[in-house]
Participant: 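One structure follows; several queries about it will come next.
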Amino acid sequence: MSHRILFVCLGNICRSPSAEGVLRAKADGLGVRLEIDSAGTGDWHVGEPPYGSMQAAAKARGYDLSPLRARQVTAQDFYDFDLIIAMDESNLSNLSRIQPAGARATVALFTDYAAHTGADHVPDPYYTRDFDGCLDLVEHCADGLLAELG
Ligand code: 4NP
């Protein structure tokens, strides 16, 4: 079972904190116990709360991202989590560079859990400015992940 889940994006202020907040809310609603965290491959925003526009869009759907603070992913995360879920191929490539040999975590792409959407990555709303589109996709992926976790 993959009960310790880490979401990873580039800055840890838009996509991965949204994934963390959405999955936590959905899991709580279903009574599923999961340990969930998020991190960025970059360190520019370490210590910062999620991006204001992202927080606002999430809050409008009932997800409170305000307590979250950005951190950078570490090699230790590959031991501390069962499943590390990236938002795009670039995140996967950055993760592969710090993945310790023999570490046990499974690494996956979030959109793999929502094949019906046809998406092969979660577009970065920091650049697209489509915060609601990001949340739509994140919600689909979180539903698919929960279904797979049983
Ligand atoms: P995220 O978006 O990876 O979804 O958190 C980004 C936010 C900020 C930056 C990059 C991506 N940045 O370079 O500042």
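Just follow the structure's listing: the first ligand is 1, and inside any ligand the first atom is 1. Throughout, numbering of the chain's residues begins at 1 and tracks the sequence. Note that the structure is predicted; figures quoted are calculated from it, not measured.
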Participant: Looking only at distance, does G11 have an N or O less than 3.5 Å from an N or O of ligand 1?
Facilitator: yes
Participant: Does the pair D43/R71 count as a salt bridge with the N-to-O cut at 4.0 Å?
Facilitator: no
Participant: Below 4.5 Å, heavy atoms only, C-beta onward: do I84 and V8 meet side chain to side chain?
Facilitator: yes
Participant: Between OG1 of T41 and CG of L10, what distance do you get to the nearest 0.5 Å?
Facilitator: 4.5 Å
Participant: Evaluate the side-chain proximity of Q55 to Y63: yes if any heavy-atom separation is below 4.5 Å, no if none is.
Facilitator: no
Participant: Are the side chains of L149 and I5 in touch, meaning some heavy atoms are under 4.5 Å apart?
Facilitator: yes
Participant: What residue and heavy atom of the protein are closest to atom 14 (O) of ligand 1, and at what distance?
Facilitator: H45 NE2, 2.6 Å
Participant: Show your working on side chain to side chain donor-acceptor pair (under 3.5 Å) between S38 and N12 and close with a plain yes or no.
Facilitator: CA-CA 7 Å; S38 64; N12 194 209; 2.9 Å; yes
Participant: Looking only at protein heavy atoms, which one is nearest to atom 10 (C) of ligand 1, and what is the separation?
Facilitator: Y127 OH, 3.5 Å
Participant: Output the list of atoms in ligand 1 that are nearer than 4.0 Å to some heavy atom of N12, sorted by atom number.
Facilitator: 5 (O)
Participant: When you measure from atom 7 (C) of ligand 1 to every protein heavy atom, which one gives the shortest distance, and what is it?
Facilitator: Y126 CG, 3.4 Å
Participant: For atom 1 (P) of ligand 1, which protein heavy atom lies nearest, and how many Å away is it?
Facilitator: C9 SG, 3.5 Å
Participant: Measuring from the heavy atoms of M54, does anything fall under 4.0 Å of ligand 1?
Facilitator: no
Participant: Scan D136, T117, T111 and name whichever one has a side-chain contact (heavy atoms from CB on, under 4.5 Å) with C141.
Facilitator: T111
Participant: Out of all atoms in ligand 1, which are within 4.0 Å of some heavy atom of C14? Include the element for each.
Facilitator: 1 (P), 2 (O), 4 (O), 5 (O)
Participant: How close does the nearest protein non-hydrogen atom get to atom 11 (C) of ligand 1, and which residue and atom is it?
Facilitator: D124 OD2, 3.0 Å
Participant: Quick check: does W44 get an N/O under 3.5 Å from an N/O on ligand 1?
Facilitator: no
